[in-house]
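No experiment lies behind these values; they were computed from the predicted model shown.
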Amino acid sequence: MSIYATLWTLKFPHQGRAHLDCDWVRVRAQGVPSHIGSPTPSLGYEDGDPYGAFLPPPLETNKHGEHEFMRAVVFVTEQTSKGTERSPQEYADPLLVRTGEAYARLTFEELHRHLCDALRDYEPQRHSRD
């Protein structure tokens with residue numbers, strides 16, 4: 001089972017700059033719900049947060065695992081591989097990782113700029129889980 005929930009998928013210019021005849025890449029926003037890794041008692045993470053090495057800090061939630069914000073939003077392309085030696089849930093080379101609160105406060109214009117900037121420098125790496 002995945003810790004991610006797909007929020008949306010949009011096409012962006014492959015190299016972060018739109019021009020005539022440019023290639024396009026799908027960018028997907030993967031939300032991590034607030035209860036994932038939460039230290040709140042009875043949510044199943046009493047022994048610690050197994051995702052802390054690659055996600056922003058976990059959130060204190062109410063007893064139902066709810067919080068105003070998601071824990072994180074991870075932005076990936078269709079070439080981004082999932083699963084590393086550290087965790088099968090970790091994306092190997094995400095474009096961006098933001099806290100749920102930071103994501104909620106971004107305007108679309110800001111998010112678009114951040115993603116295009118990231119795409120200009122993006123070279124997906126293939127990682128094997130062998």
ask   = Do Val32 and Trp8 share a hydrophobic cluster (ILVMFWY, side-chain heavy atoms under 4.5 Å, transitive)?
value = no

query = Hey, mind stepping through Val27 and Val76 against side-chain contact (heavy atoms from CB on, under 4.5 Å) and telling me if it holds?
reply = CA-CA 6 Å; Val27 173; Val76 297; over 6 Å; no

Side-chain polar contacts of residues 48-55 - donor-acceptor pairs under 3.5 angstrom, sequence neighbours left out - could you list them?
unit_1	atom_1	unit_2	atom_2	d
Asp49	OD1	Tyr51	N	3.0
Asp49	OD1	Arg71	NH1	3.2
Asp49	OD2	Gly52	N	3.2
Asp49	OD2	Arg71	NH1	3.3
Asp49	OD2	Arg71	NH2	2.6

key: Rounded distance [0.5 Å steps], CZ in Arg113 versus CG in Leu106   = 9.0 Å

message = I need the minimum non-hydrogen distance between Phe75 and Ala29, along with the two atoms involved.
response = CE2-CB, 3.8 Å

ask   = Out of curiosity, Gln79 CD to Thr77 OG1, how far, rounded to the nearest 0.5 Å?
value = 4.0 Å

message = Within the structure provided, determine whether Glu60 and His67 are in side-chain contact (heavy-atom separation under 4.5 Å).
response = no

hydrophobic_cluster_shared for Phe108 and Met70, side chain cutoff 4.5 Å = yes

ask   = Nearest 0.5 Å, what's the CG-OH distance between Leu111 and Tyr103?
value = 6.5 Å

note = Value for CG (Leu59) from NE2 (His35), rounded to nearest 0.5 Å, stands at 11.5 Å

message = Determine whether Tyr91 and Tyr4 satisfy the following criterion, ring-ring contact (aromatic ring centres under 6.0 Å, His included), listing intermediate values before the conclusion.
response = CA-CA 11 Å; Tyr91 280 102; Tyr4 303 95; 5.0 Å; yes

task = Please assess His14 against Cys22 for the test side-chain contact (heavy atoms from CB on, under 4.5 Å), listing each intermediate value before the final yes or no.
result = CA-CA 7 Å; His14 178 62; Cys22 72; over 6 Å; no

inquiry  = Does atom CZ (Arg120) have a neighbourhood of more than 12 heavy atoms from anything else shown, all under 6.0 Å?
reply    = yes

query = Would you say the side chains of Ser34 and Thr61 form a donor-acceptor pair under 3.5 Å?
reply = no

Full working for side-chain contact (heavy atoms from CB on, under 4.5 Å) between Lys82 and Glu90 = CA-CA 6 Å; Lys82 184 178 172 189; Glu90 180 178 17; over 6 Å; no

request  = Begin with the C-alpha distance, continue with both residues' side-chain angles, and end with the deciding distance and a verdict on side-chain contact (heavy atoms from CB on, under 4.5 Å) for Gln30 and Thr6.
outcome  = CA-CA 5 Å; Gln30 296 285 75; Thr6 301; 2.7 Å; yes

task = Salt-bridge test for Arg105 and Glu101: reply yes if a basic N is under 4.0 Å from a carboxylate O, no otherwise.
result = yes

task = Measure the spacing between CZ of Arg26 and OG1 of Thr9 and express it to the nearest 0.5 Å.
result = 8.0 Å

request  = Indicate the atoms forming the closest heavy-atom contact of Pro13 with Leu119, along with that distance.
outcome  = O-CD1, 3.5 Å

request  = Quick one: closest heavy-atom pair of Val97 and Pro56, and the distance?
outcome  = CG1-CD, 3.8 Å

Close side-chain approach of Leu7 and Val73, heavy atoms under 4.5 Å = yes

task = Please answer whether the main-chain N or O of Arg86 pairs with a side-chain N or O of Thr84 as donor and acceptor at a distance below 3.5 Å.
result = yes

key: Closest heavy-atom pair and its distance - Leu96, His114   = CD1-CB, 3.8 Å

inquiry  = Please report the interatomic distance CD(Glu46) to CG(Leu43), rounded to the nearest 0.5 Å.
reply    = 7.5 Å

query = So does Glu110 have more than 12 non-hydrogen atoms from other groups sitting under 6.0 Å from CD?
reply = yes

message = Do Ile36 and Pro58 make a side-chain contact, defined as non-hydrogen atoms from C-beta onward lying under 4.5 Å apart?
response = no

Heavy-atom side-chain contact between Asn62 and Thr40 under 4.5 Å = no

